Amino acid sequence: MTALSRTRQLLKRWRVELSDDRGVSAIELAILGPVLLIVITLIIQWALWFEAREVALDAAQAGAQYAREQQAGWAENAVSHAKSFYQDVGTSIIKHLQVSVNPPSGNPNQVFVTVSGSIPALIPGFSSLSVHETSGGDVECFRSAASGGQQCG
């Protein structure tokens with residue numbers, strides 16, 4: 001056998017050894033597996049935060065709608081109405097639920113209801129995420145035609 005044929009056989013053997021893919025899948029899984037788990041966990045965390053935000057907004061809107069329709073003593077009733085709406089939804093995603101009413105200073109014809117709380121973090125080491133939603137508007141005044149369209153008190 002000549003030196004040229006030996007060199008060709010050696011190069012052929014190296015090509016076969018270099019093109020061997022055994023074990024590559026395990027290495028790819030070891031590298032990409034944790035990254036994929038973190039991405040999936042972040043997607044689930046975002047979905048939980050989004051649901052909590054929507055429920056808080058719905059509860060704030062329910063409390064604000066109740067407050068806008070009442071003339072006197074609306075604050076306590078709006079808080080209890082927002083809390084009961086949250087309980088009726090049937091979720092317990094929001095921890096430390098707080099409902100507050102904020103009549104804006106200088107304008108007694110507007111009411112605002114704020115629902116806030118927190119949701120637990122799925123990734124260890126991170127703090128809980130806060131949810132804070134406010135809804136409100138002008139106080140509605142119903143006047144009959146018999147009153148001559150006088151302003152509400």
Side-chain angles (χ1 to χ4, degrees), residues 1-71 73-141:
M1 211 189 248
T2 67
L4 184 59
S5 64
R6 279 190 206 153
T7 307
R8 284 183 184 163
Q9 283 180 348
L10 186 62
L11 286 174
K12 192 176 192 181
R13 199 173 343 147
W14 281 352
R15 273 192 222 135
V16 170
E17 289 177 6
L18 290 176
S19 67
D20 191 11
D21 289 346
R22 290 180 293 167
V24 173
S25 296
I27 293 173
E28 289 173 352
L29 181 63
I31 293 171
L32 294 178
V35 173
L36 288 175
L37 287 176
I38 290 172
V39 168
I40 290 170
T41 305
L42 288 174
I43 290 170
I44 293 170
Q45 182 72 63
W46 178 82
L48 290 174
W49 175 80
F50 188 78
E51 179 194 1
R53 201 190 90 194
E54 290 298 313
V55 169
L57 181 60
D58 289 343
Q61 287 174 344
Q65 180 182 0
Y66 185 83
R68 291 175 61 207
E69 295 172 354
Q70 302 303 313
Q71 290 289 333
W74 60 270
E76 298 83 18
N77 293 333
V79 169
S80 64
H81 195 71
K83 285 183 179 180
S84 68
F85 180 87
Y86 174 75
Q87 290 170 353
D88 290 344
V89 170
T91 184
S92 60
I93 186 91
I94 300 175
K95 306 297 180 201
H96 313 295
L97 180 73
Q98 296 176 347
V99 180
S100 60
V101 291
N102 308 344
S105 59
N107 192 351
N109 293 327
Q110 288 185 335
V111 293
F112 291 97
V113 176
T114 301
V115 175
S116 59
S118 62
I119 61 170
L122 295 179
I123 299 175
F126 285 94
S127 62
S128 60
L129 300 171
S130 64
V131 176
H132 182 84
E133 294 296 328
T134 301
S135 181
D138 294 332
V139 175
E140 296 179 11
C141 179

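Positions are given from 1, in the same order as the sequence printed here. This one's a predicted model, so the numbers in the text were calculated from it and none came from an experiment.
The NE2 atom of His81 sits 15.0 Å away from the CD atom of Glu76 when rounded to the nearest 0.5 Å. The distance from the CD1 atom of Ile43 to the CG atom of Leu48 is 12.5 Å, given to the nearest 0.5 Å. To the nearest 0.5 Å, the span separating CZ on Phe112 from CZ on Arg68 amounts to 9.5 Å. Here the CG atom belonging to Leu97 is positioned 8.5 Å from the CD atom belonging to Gln87, to the nearest 0.5 angstrom. We find the CD-CH2 distance between Glu54 and Trp49 to be 9.0 Å, quoted to the nearest 0.5 Å.
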What donor-acceptor contacts under 3.5 angstrom involve side-chain atoms of residues 117-135, with partners at least two apart or in another chain?
| from | atom 1 | to | atom 2 | distance (Å) |
| --- | --- | --- | --- | --- |
| Thr134 | OG1 | Thr114 | OG1 | 3.0 |

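Of all non-hydrogen atoms in Ile31 and Pro34, the two that sit nearest each other are O-CD, 3.8 Å. Considering all non-hydrogen atoms of both residues, Val79 and Val99 come closest at CA-CG1, 3.9 Å.
In this structure Phe85 satisfies the ring-ring contact (aromatic ring centres under 6.0 Å, His included) test with no other residue, sequence neighbours excluded.
Put simply, the side chain of Val115 does not reach to within 4.5 Å of the side chain of Tyr86, judged on heavy atoms. With a 4.5 Å cut-off on side-chain heavy atoms, Val111 and Val101 do not count as touching.
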